[in-house]
Amino acid sequence: MDAAEEPLRVHRPVGGGEDPLGPPAPTSPSPYPAPESSDALPPEADYRLRIFSPGGELPFAGHPTLGSAHAWLEQGGHPQSDQRIIQECKAGLVEVRRNGSALSFAAPPTTRTGPLEESYVGDIAAAFGIGRSKVLAHQWVDNGPGWAVVQLASAEEVLALEPDLSAIPEAMVGAIGRHPEGSEHAFEMRTFAPGVGVAEDPVCAA
C-alpha cells in the first residue's frame, strides 16, 4: 500500500520490544521523507507517529493522535504511565490522557496566533463567495498544520458556504457561526484544507 492508502501507522513500542502490530506490510516507495535512522525516540515518549494527508505530512492532527493511541493500546502497547501516553510527532511530544477507556490530549503549543493578515482575510472571503464585512472575527489557531479560523454571523451562513478553494490553494481554514438560542448545537463549524489536498474535512473542527 502507498501512503495515501495507509495514512496512519504506529511505528514502534517503547523499549525496543517486539512490535505488537507485527512486521509492516510491504509498501511502495513513499513520496514523503522518512526520519533519519539516527533519530532516537525520546526516552519519555511511548511511540512515534507520522501523519500523512493527500497533500503531504502534517506535524500534528487531533484525530490521528487519538486514533493511533487507541490502536497502539488495543494492539498491546504498554505506556510508561497508567494515566497518560506520550506521543512523539513532528510537532514534538503530545500527552494523551487516559480516563478508563476515554482518551483526550493536550494539544501542542500554538506556533502562530493573533489576527490574520487583512489581505488573507480578503482572500478567504472572496474564496467563500462572501463580502469582507461578513467576517466578524478571525484568528490564527496554528499548532503545526497552519490552521486559521473566521467567524461568521450565524450557523446558517456557515452552512451556505460554497467555497472556491482554487482561489486559496494553500489555505487551512475553518469557518464558525453560532446556532440560534435553544438549538441542539451551539455552533456550526466547517473546515477546509486545500493546503493538504483535502477540500472539506468532515470531522476536523473542534
Participant: Look at the side-chain heavy atoms of Ile, Leu, Val, Met, Phe, Trp and Tyr, link any pair under 4.5 Å apart, and say whether Val135 and Phe128 land in one connected group.
Facilitator: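 Yes, because Val135 and Phe128 connect within a single hydrophobic cluster, where side-chain heavy atoms sit under 4.5 Å apart.
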
Participant: Rounded to the nearest 0.5 Å, what separation is found between the CZ atom of Arg190 and the CD1 atom of Ile176?
Facilitator: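 Going from the CZ atom of Arg190 to the CD1 atom of Ile176 covers 13.5 Å.
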
Participant: With a 4.0 Å cut-off on N to O distance, would you call Glu188 and Arg178 a salt bridge?
Facilitator: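 No, Glu188 and Arg178 are not salt-bridged.
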
Participant: Roughly how far apart are Cys89 SG and Leu49 CG, rounded to 0.5 Å?
Facilitator: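 Cys89 SG to Leu49 CG: 6.5 Å, rounded to 0.5 Å.
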
Participant: How about Pro79 and Tyr47: do any of their side-chain heavy atoms sit closer than 4.5 Å?
Facilitator: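 They are not in side-chain contact.
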
Participant: Are more than 12 heavy atoms, taken from residues, nucleotides or ligands other than Asn99, located less than 6.0 Å from that residue's CG atom?
Facilitator: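 At most 12 heavy atoms, drawn from other residues, nucleotides or ligands, come within 6.0 Å of this atom.
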
Participant: Is the closest side-chain heavy-atom distance between Val121 and Arg132 below 4.5 Å?
Facilitator: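 Yes, their side chains come closer than 4.5 Å.
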
Participant: Is there a continuous path of hydrophobic side-chain contacts, each under 4.5 Å between heavy atoms, that joins Leu152 to Tyr120?
Facilitator: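 Yes, it is one cluster - the side chains of Leu152 and Tyr120 are joined through contacts under 4.5 Å.
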
Participant: Do Arg97 and Gln83 come within less than 4.5 Å of each other through their side chains, counting heavy atoms only?
Facilitator: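 No - every pair of side-chain heavy atoms lies 4.5 Å or more apart.
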
Participant: Indicate yes or no: at least one non-hydrogen side-chain atom of Thr113 is less than 4.5 angstrom from one of Gln139.
Facilitator: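 When only atoms from C-beta onward are counted, Gln139 and Thr113 do touch, with a gap below 4.5 Å.
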
Participant: Compare every heavy atom of Leu93 with every heavy atom of Ala45, then report the nearest pair and how far apart it is.
Facilitator: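 Closest heavy-atom pair between Ala45 and Leu93: CB-CD2, 4.0 Å.
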
Participant: Begin with the C-alpha distance, continue with both residues' side-chain angles, and end with the deciding distance and a verdict on side-chain contact (heavy atoms from CB on, under 4.5 Å) for Leu41 and Glu88.
Facilitator: CA-CA 8 Å; Leu41 193 68; Glu88 188 214 21; 3.6 Å; yes

Participant: If you define the side chain from C-beta out and look only at heavy atoms, does anything of Trp140 sit under 4.5 Å from Trp147?
Facilitator: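 With C-beta onward as the side chain, the pair stays apart.
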
Participant: Please tell me if the side chains of Arg48 and Gln87 come closer than 4.5 Å, counting only heavy atoms from C-beta onward.
Facilitator: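 With C-beta onward as the side chain, the pair stays apart.
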
Participant: State the CD-CG distance between Gln151 and Leu136, to the nearest 0.5 angstrom.
Facilitator: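 It comes to 5.5 Å.
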
Participant: Taking atom OG of Ser154 and atom CD of Glu156, what is their separation to the nearest 0.5 Å?
Facilitator: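 Taking OG in Ser154 and CD in Glu156, the distance rounds to 5.5 Å.
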
Participant: In terms of heavy-atom contacts, does NE2 of His179 have more than 12 from other residues, nucleotides or ligands at under 6.0 Å?
Facilitator: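 More than 12 heavy atoms, drawn from other residues, nucleotides or ligands, come within 6.0 Å of this atom.
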
Participant: Which pair of heavy atoms, one from Pro194 and one from Ala171, lies closest together, and at what distance?
Facilitator: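 Heavy atoms only, the tightest pair is CD-O, 3.2 Å.
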
Participant: Hey, could you give me the CG/CZ distance between Asp46 and Arg84, rounded to the nearest 0.5 Å?
Facilitator: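 It comes to 8.5 Å.
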
Participant: Quick check: is Ile168 connected to Val196 through a chain of hydrophobic side chains (ILVMFWY, heavy atoms under 4.5 Å apart)?
Facilitator: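 No, no single cluster joins them.
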
Participant: Do the non-hydrogen side-chain atoms of Ile86 and Val96 ever get within less than 4.5 Å of each other?
Facilitator: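 SC-SC contact between Ile86 and Val96 ruled out.
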
Participant: Does one hydrophobic cluster hold both Ile124 and Met172, with members joined at side-chain heavy-atom distances below 4.5 Å?
Facilitator: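 No, Ile124 does not connect to Met172 through the hydrophobic network.
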
Participant: Go through the steps for Met189 and Val149 under the test side-chain contact (heavy atoms from CB on, under 4.5 Å), then give the verdict.
Facilitator: CA-CA 9 Å; Met189 187 161 187; Val149 65; 3.6 Å; yes

Participant: Counting neighbours of CD on Glu44 that are heavy atoms of other residues, nucleotides or ligands and sit closer than 6.0 Å, is the number greater than 12?
Facilitator: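 Above 12, so yes.
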
Participant: What I'd like to find out is whether the side chain of Ile85 reaches to under 4.5 Å of the side chain of Gln80, using heavy atoms alone.
Facilitator: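 When only atoms from C-beta onward are counted, Gln80 and Ile85 do not touch, as no gap falls below 4.5 Å.
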
Participant: In terms of hydrophobic clustering (I, L, V, M, F, W, Y; side-chain heavy atoms under 4.5 Å; direct or indirect links), are Val173 and Val198 co-clustered?
Facilitator: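 No, it is not one cluster - the side chains of Val173 and Val198 are not joined through contacts under 4.5 Å.
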
Participant: As a quick check of understanding, evaluate side-chain contact (heavy atoms from CB on, under 4.5 Å) for Leu103 and His70, giving each step before the final call.
Facilitator: CA-CA 8 Å; Leu103 299 172; His70 175 78; 4.0 Å; yes

Participant: Measuring from Lys134:NZ to Leu161:CG, what's the distance to the nearest 0.5 Å?
Facilitator: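 Rounded to the nearest 0.5 Å, the NZ-CG separation comes out at 11.0 Å.
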
